[in-house]
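Notes follow the structure.
As the structure is a computational prediction, the values presented were derived from the model and not from experiment. Reminder, nothing fancy here: chain letters follow the sequence lines and each chain counts from 1.
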Amino acid sequence: MQYWLIKSEPYKWSWNDHVAKGVEHWDGVRNYQASNNMKAMEIGDLAFFYHSNEGKEIVGIVEVVSGYYPDHTDPKERFGMVDFKAVKPVNKPVNLAQIKADPNLSEMSLLKQMRLSVGPVRKSEWDYIMKLSETTL
DNA sequence: GCCAACGTTGGC
DNA sequence: GCCAACGTTGGC
């Protein structure tokens, strides 16, 4: 069981879009590290859904519901993707400023590699953010 | 809208 | 295989 964080710009694909759709494939990733992270995902893994640019906050939780398979929108067929199912919104969004200010979260890949759109989250970080967001599964 | 960070591309 | 040029991401 591993934990992740996926980013999306809400005007392109928002948490509400994902909730409305239920299950959606995460296409469009064109970065090897992000793609490799998806390759490492297993069915049942959980991820935070983060809004970049607008909001800059963790707004929901999704679950990995497929294995890694080729991204059909990639003309060069180099990158892949997985499917995510919307699980539930967080009760209190956790924003970037909070994460930056919190010493417990200073090692998050979200901060270390700001441009990485799919990154790992440690279990301790996951649990801590769940507490901050007042969310239980 | 700007621009820093940083990943990718392509010429050599 | 190096590295300069280029493109993209994403915070501010």
Side-chain angles (χ1 to χ4, degrees):
Chain A
M1 178 73 189
Q2 292 182 92
Y3 299 95
W4 309 93
L5 182 144
I6 59 174
K7 293 191 202 175
S8 183
E9 301 186 48
Y11 63 88
K12 286 183 187 156
W13 183 255
S14 71
W15 169 250
N16 285 338
D17 292 334
H18 209 114
V19 169
K21 193 79 190 287
V23 174
E24 180 67 308
H25 50 265
W26 206 250
D27 64 16
V29 170
R30 296 291 180 268
N31 172 285
Y32 285 108
Q33 220 181 328
S35 197
N36 282 335
N37 283 331
M38 286 199 285
K39 199 180 284 181
M41 289 180 185
E42 290 180 32
I43 292 173
D45 282 0
L46 296 171
F48 287 127
F49 191 107
Y50 174 85
H51 277 166
S52 60
N53 264 308
E54 287 171 37
K56 282 170 282 182
E57 58 190 9
I58 291 167
V59 289
I61 295 162
V62 295
E63 180 183 347
V64 178
V65 292
S66 82
Y68 181 83
Y69 62 101
D71 180 345
H72 55 82
T73 67
D74 175 16
K76 292 177 182 166
E77 299 179 338
R78 288 183 299 189
F79 298 101
M81 60 186 178
V82 299
D83 295 346
F84 291 113
K85 181 178 78 175
V87 175
K88 70 191 302 191
V90 297
N91 286 323
K92 252 177 67 180
V94 176
N95 65 44
L96 185 65
Q98 258 179 292
I99 293 169
K100 275 189 171 170
D102 198 316
N104 293 300
L105 301 174
S106 61
E107 293 300 311
M108 279 192 77
S109 73
L110 177 69
L111 300 182
K112 295 271 175 178
Q113 279 179 278
M114 283 214 299
R115 296 183 54 206
L116 188 62
S117 60
V118 178
V121 173
R122 294 183 178 92
K123 170 139 178 56
S124 58
E125 293 163 347
W126 179 274
D127 291 341
Y128 188 79
I129 289 171
M130 289 297 276
K131 207 172 293 176
L132 279 185
S133 65
E134 299 173 6
T135 306
T136 51
L137 285 173

OP1 or OP2 of C:dG10 versus the side-chain N and O atoms of A:Tyr11: is any pair under 4.0 Å?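 Negative; the distance criterion is not met.
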
- prompt: Is the phosphate of C:dG10, meaning OP1 or OP2, less than 4.0 Å from a side-chain N or O of A:Lys56?
  reply: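 No, A:Lys56 has no side-chain N/O under 4.0 Å of OP1/OP2 on C:dG10.
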
Can you tell me how far [atom2] of [N] sits from [atom1] of [X], to the nearest Å?
| X | N | atom1 | atom2 | answer |
| --- | --- | --- | --- | --- |
| A:Glu54 | C:dG11 | CD | P | 11 Å |
| A:His51 | C:dG11 | NE2 | P | 12 Å |
| A:Glu9 | C:dC12 | CD | P | 15 Å |
| A:Asn95 | C:dC12 | CG | P | 10 Å |

Query raised in the report: So with a 6.0 Å cut-off around NZ of A:Lys92, is the heavy-atom count from everything else above 12?
Result: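 Counting neighbours around NZ of A:Lys92, 12 or fewer heavy atoms of other residues, nucleotides or ligands fall under 6.0 Å, so no.
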
* Report the residue (A:Gln33 or A:Asn53) whose heavy-atom-nearest nucleotide on DNA chain B is the more 5′ of the two. =>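 First, find each residue's nearest nucleotide; the 5'-ward one identifies A:Asn53.
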
Between A:Met114 and A:Arg78, which residue's closest nucleotide on DNA chain B lies nearer the 5′ terminus?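 Taking each residue's closest nucleotide, the earlier one in sequence belongs to A:Met114.
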
#### Entry: Pair A:Asp127 + A:Lys123: basic N to acidic O under 4.0 Å
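Answer for the salt bridge query: yes.
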
Review point. When we call it a touch if two heavy atoms are under 4.0 Å apart, what does A:Asn31 touch: a base, just sugar-phosphate, or nothing?
Key: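 Sugar-phosphate contact only - A:Asn31 comes under 4.0 Å of backbone atoms but never of a base.
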
**Request:** Would you mind classifying the nucleic acid contact of A:Lys100 as base, sugar-phosphate or nothing, using non-hydrogen atoms under 4.0 angstrom?
**Result:**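 Sugar-phosphate only.
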
(message) So, applying side-chain contact (heavy atoms from CB on, under 4.5 Å) with A:Leu5, which one of A:Val121, A:Val118, A:Leu116, A:Asn37 is it?
(response)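 Answer after filtering A:Val121, A:Val118, A:Leu116, A:Asn37: A:Val121.
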
task = Kindly indicate, with the supporting measurements, whether the criterion side chain to side chain donor-acceptor pair (under 3.5 Å) is fulfilled by A:Arg30 and A:Thr73.
result = CA-CA 10 Å; A:Arg30 296 291 180 268; A:Thr73 67; 3.0 Å; yes

request  = Taking atom types as modelled, find out whether A:Tyr128 and A:Asp102 have a side-chain donor-acceptor pair closer than 3.5 angstrom.
outcome  =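 Checked: A:Tyr128/A:Asp102 side chains pair up, N/O donor to acceptor below 3.5 Å.
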
Protein-nucleotides 5-8 of chain C N/O pairs closer than 3.5 Å?
| from | atom 1 | to | atom 2 | distance (Å) |
| --- | --- | --- | --- | --- |
| C:dT8 | O2 | A:Arg115 | NH2 | 2.5 |

message: In this structure, would A:Val62 and A:Met41 fall into the same cluster of hydrophobic residues linked by side-chain contacts under 4.5 Å?
response: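 Yes, same cluster.
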
